[in-house]
Amino acid sequence: MLDQTRRGMAAFGLALMSGLAPVSAMAEDRPVIAAAADLKFALTEIAAAFAAETGTKVDLAFGSTGNFATQIREGAPYQMYMAADESYVAWLAAAGLTRDEGTLYAQGRIVMMVPHGSRLAADGSLETLRAALAAGNISHFAIANPEHAPYGRRAMEALRHQGIWEALGPFLVLGENVSQAAQFATSGDAEGGIIAYSLAMSEQVSRLGSYQLIPADWHAPLNQRMVLLKSAGPVAEAFYVYIGTPAAREIMKKYGFGLPGE
């Protein structure tokens, strides 16, 4: 497996990781929103629009849905949680840490993405990946860590659906979250990877390679749910409501998310 500690951060990687400032470093008068990494570009735009319309700001922390859930259970001072898998919201709600059971805000998709010059083609059927494995033409292939990243789990399910999960195992590069997996998949150090459609559609990522959607029925749905935590204040409450406005929904659609009611 690729030694992640030896890989330099490309410009794309720096852009993705810029939202990961420690909670203690956030401005105290702004609520901190813990958001799944697939939301990096969409939610950044939404937060900017929210600030422009209301004059108030939120701080965004992007990372693994599962890791955030663990941090919240351990007392991390987030005020709102936007998960890529609604089961984590249910887990926190059952522990009495949320206002309620939250709201479904989007449904995600996964894509196969390859960097320019890759020996692979961007093939949502994964048949070119199968052929490359058979020919011994794979050295590294990136996904998010399935243990705590929903997009990694869905990638694993799609690969299992096609019967190539076991064969691909020795070549997998696991990102801490789907943003880091996207960095690996487009860096040229890997032949490609399976990442979030919302990241692949961004200008910052799409220019680095090509991608194709993987059939949605090859994996469990990526039902993405948000919830206010017990500590939420009025600004977090307002931002929670804003996610459901037409302006915010248009931004989510721009990045390929399916929306409730559509």
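Keep in mind the model is a prediction, meaning the values are calculated, not measured. Side-chain atoms are counted along with the backbone in the values below, which use heavy atoms only and exclude waters and symmetry mates.
- What you find for Asp85 and Pro150 is that their closest heavy atoms are CB-CG, 3.5 Å.
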Show your working on side chain to side chain contact (heavy atoms under 4.5 Å, CB included) between Arg30 and Val235 and close with a plain yes or no.
-> CA-CA 8 Å; Arg30 298 181 187 176; Val235 176; over 6 Å; no
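- What you find for Ala200 and Ile195 is that their closest heavy atoms are CB-CD1, 4.0 Å.
- For the pair Arg225 (side chain) and Val89 (backbone), a donor-acceptor distance under 3.5 Å is absent.
- In this structure, CZ on Arg154 lies 14.5 Å from NE2 on His161, to the nearest 0.5 angstrom.
- The heavy-atom pair separating Ala158 from His219 by the smallest distance is N-CB, 4.4 Å.
- With 3.5 Å as the limit, one finds no donor-acceptor pair spanning the side chains of Ser64 and Glu176.
- Linking ILVMFWY residues whenever their side-chain heavy atoms come closer than 4.5 Å, directly or via other members, places Leu213 and Leu129 in the same cluster.
- Listed here is the closest heavy atom pair of Ala181 and Ala144: CB-N, 3.5 Å.
- Note: the hydrophobic cluster containing Met252 does not contain Val241 (ILVMFWY, side chain heavy atoms under 4.5 Å, direct or indirect links).
- Counting heavy atoms from C-beta outward, Val205 and Tyr211 have side chains that stay 4.5 Å or more apart.
- Between Phe239 and Phe50, the ring planes lie perpendicular to each other; the angle is over 60°, past the 30° to 60° tilted range.
- Atom NE2 of His140 is separated from atom CZ of Phe184 by 10.5 Å, given to the nearest 0.5 angstrom.
- One N or O on the side chain of Arg249 and one on the backbone of Pro260 form a donor-acceptor pair closer than 3.5 Å.
- Interatomic distance, Leu222 CG to Ile110 CD1, rounded to the nearest 0.5 Å: 7.0 Å.
- In this structure, Asp123 contributes its side chain and Thr128 its backbone to a donor-acceptor pair below 3.5 Å.
- With sequence neighbours left out, Trp91 forms a ring pair (Phe, Tyr, Trp, His ring centres under 6.0 Å) with no residue at all.
- Looking only at side-chain heavy atoms (C-beta outward), Asp189 and Val173 stay at 4.5 Å or farther from each other.
- Sorted by first then second residue, the side chain to side chain donor-acceptor pair (under 3.5 Å) pairs that include residues 43-54, not counting sequence neighbours, are Glu45-Lys254, Glu45-Tyr255, Glu53-Tyr242, Thr54-Thr56.
- Other residues, nucleotides and ligands contribute only 12 or fewer heavy atoms inside 6.0 Å of the CD atom of Glu147.
- Remark: Met82 CE to Ile46 CD1 distance equals 6.5 Å, nearest 0.5 Å.
- Remark: of the listed residues Ile243, Leu259, Val227, Ile243 is the sole one forming a side-chain contact (heavy atoms from CB on, under 4.5 Å) with Tyr105.
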Asn145/Gln180 under side chain to side chain contact (heavy atoms under 4.5 Å, CB included): CA gap, chis, key distance, verdict = CA-CA 10 Å; Asn145 191 330; Gln180 192 174 63; over 6 Å; no
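- Taking 4.0 Å as the cut-off between side-chain N and carboxylate O, Glu157 and Arg160 do not count as a salt-bridged pair.
- Side-chain contact between Met80 and Pro31 is absent, with no heavy atoms from C-beta onward closer than 4.5 Å.
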Start with the C-alpha gap between Gln79 and Leu229, add the side-chain angles, then the distance that decides, and say whether side chain to side chain contact (heavy atoms under 4.5 Å, CB included) holds.
-> CA-CA 5 Å; Gln79 294 192 30; Leu229 301 172; 5.7 Å; no
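- Under a 3.5 Å cut-off, the side chain of Ser202 and the backbone N or O of Ser198 do not form any donor-acceptor pair.
- When every heavy atom of Ala121 is checked against every heavy atom of Val114, the shortest pair comes out as O-CG1, 3.9 Å.
- If you take CG on Leu97 and CZ on Arg99, they are separated by 13.0 Å, rounding to the nearest 0.5 Å.
- Ala37 and Ser179 get closest at one heavy-atom pair: O-OG, 3.1 Å.
- Counting only heavy atoms from C-beta outward, the side chains of Thr65 and Tyr151 never approach each other to under 4.5 Å.
- For CD of Glu203, the number of neighbouring non-hydrogen atoms (other residues, nucleotides, ligands) closer than 6.0 Å is 12 at most.
- No side-chain donor-acceptor contact under 3.5 Å links Gln162 to the backbone of Glu127.
- The closest donor-acceptor contact from the side chain of Thr98 to the backbone of Leu92 lies at 3.5 Å or more, if one exists at all.
- Between atom CD1 of residue Ile33 and atom CZ of residue Phe68 there is a gap of 10.5 Å, rounded to the nearest 0.5 Å.
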Show your reasoning for whether side chain to side chain contact (heavy atoms under 4.5 Å, CB included) applies to Leu39 and Gln224.
-> CA-CA 10 Å; Leu39 294 169; Gln224 305 201 187; 4.2 Å; yes
